[in-house]
Amino acid sequence: MINSELFHIDSVEIENNNYYTVEQVKEKAGIKIGENIFRLKKNSIKDKLLKDPYFENVLIKRKLPSTVILDVTERTEKAAVFNKNAYIIIDANGLVLRTADKAPKITVIEGLTVKRAKAGKPLEIEENSILTDTLNMLKSMEDSDLFFKKIEISNVIIKAHIYDQLICEGTPKNLGESIKNGNLETALYEMYSKGIERGIIKIGTDNYCSFDPNVE
């Protein structure tokens, strides 16, 4: 009975994919239609998929009599670190996902000193603590529905661009706190309502905030 054609795989379903299409996930998994569902090497398929840095986890389920379900958890692109005319795409934990020639539609980080960037491994840079604080700030930014086009890092101070000529300046920690407590969002709303799209918002300690209309 177990060898019956009834248990030959005739369909593969993909769940929770986002970056990759259904067909791309199927191709990467390499599950053969017509194979006996009980002979499916789940661990081998999972190991194969997890070699791709975009996959964080994969659950493989048999839906008898003849369907295989791949429930994938994908890592999300959070920032692009500019280095030597290329963009190193990383997730929220600083894991390298891929390298691109063109800037993707995510926050670009400039000014980091890259030592090693290998897909599937943490990005190795000299300014580790600054990158960690910056990624935490981006998480707070995302939670507050804010978006920075570009972040320039210089020593401990960063310049976060809302627009090309509208910049938030301060340490990643201070900027993150200002985002979390809503101060930056309030300041930006007031500026939007006045049609201001140029200037520098300087964020200091203890929620200190000042505005300079002059951009260098």
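Computed from a prediction, not measured in an experiment: that's the story for all the values here.
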- Given D143, L135, N136, the one that forms side-chain contact (heavy atoms from CB on, under 4.5 Å) with K139: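 Testing each of D143, L135, N136 against K139, the sole residue satisfying side-chain contact (heavy atoms from CB on, under 4.5 Å) is D143.
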
Give, for atom [atom1] of [X] and atom [atom2] of [Y], the distance between the pair rounded to the nearest 0.5 Å.
| X | Y | atom1 | atom2 | value |
| --- | --- | --- | --- | --- |
| L59 | K42 | CG | NZ | 9.0 Å |
| E152 | E169 | CD | CD | 10.0 Å |
| T132 | E127 | OG1 | CD | 11.5 Å |
| D52 | Q24 | CG | CD | 10.0 Å |
| T76 | I89 | OG1 | CD1 | 13.0 Å |
| R39 | H8 | CZ | NE2 | 7.5 Å |

Taking the side chain as C-beta and beyond, is there a heavy-atom pair between [X] and [Y] under 4.5 Å?
| X | Y | result |
| --- | --- | --- |
| T67 | K61 | no |
| N16 | T73 | no |
| I167 | H161 | yes |
| I90 | V81 | yes |
| I33 | V12 | yes |
| I201 | I162 | no |
| I157 | T171 | yes |
| L112 | N83 | no |

- Item | side-chain contact (heavy atoms from CB on, under 4.5 Å) between K26 and T21, worked out | CA-CA 9 Å; K26 287 182 180 181; T21 66; over 6 Å; no

So which heavy atom on [X] is nearest to which on [Y], and how close?
| X | Y | value |
| --- | --- | --- |
| L49 | A29 | CD2-N, 3.8 Å |
| A92 | K78 | N-CG, 3.3 Å |
| S4 | N36 | O-ND2, 4.5 Å |
| I109 | A79 | CD1-CB, 3.8 Å |
| I45 | L40 | CD1-CD1, 3.5 Å |
| P53 | V96 | CB-O, 3.8 Å |

Among the clusters formed by ILVMFWY side chains lying less than 4.5 Å apart, do [X] and [Y] turn up in the same one?
| X | Y | value |
| --- | --- | --- |
| I130 | V114 | yes |
| M141 | I203 | yes |
| I151 | L175 | yes |
| F211 | L184 | yes |
| I179 | Y189 | no |

- Item | Contacts of K48 that satisfy side chain to side chain contact (heavy atoms under 4.5 Å, CB included) - sequence neighbours left out |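 If we apply the side chain to side chain contact (heavy atoms under 4.5 Å, CB included) test to K48, skipping adjacent residues, there are no hits.
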
- Assess whether side-chain contact (heavy atoms from CB on, under 4.5 Å) is satisfied between N17 and E74, documenting all intermediate values. CA-CA 7 Å; N17 61 303; E74 292 180 334; 4.0 Å; yes

Donor-acceptor under 3.5 Å ([X] side chain, [Y] main chain):
| X | Y | answer |
| --- | --- | --- |
| D212 | N214 | yes |
| N93 | L95 | no |
| S140 | K180 | no |

- Task: Could you note down all residue pairs passing ring pair (Phe, Tyr, Trp, His ring centres under 6.0 Å) where residues 9-59 supplies at least one of them, sequence neighbours left out?
- Result: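 Passing the test, one end in residues 9-59: F7-F38, Y19-Y54, Y20-Y54, Y20-F55.
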
- Message: I'd like to know whether CD of E27 has more than 12 heavy-atom contacts from other residues, nucleotides or ligands below 6.0 angstrom.
- Response: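 No.
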
- Message: Please evaluate residues F148 and M137 with respect to the criterion side-chain contact (heavy atoms from CB on, under 4.5 Å), reporting the C-alpha separation (whole Å), side-chain torsions for both, the decisive distance (0.1 Å), and the verdict.
- Response: CA-CA 10 Å; F148 294 140; M137 183 195 71; 3.8 Å; yes

- Item | side-chain contact (heavy atoms from CB on, under 4.5 Å) between I125 and T113, worked out | CA-CA 5 Å; I125 58 171; T113 308; 5.8 Å; no

- SB check K115 E124 (cutoff 4.0 Å):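 So K115 does not pair with E124 through a salt bridge.
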
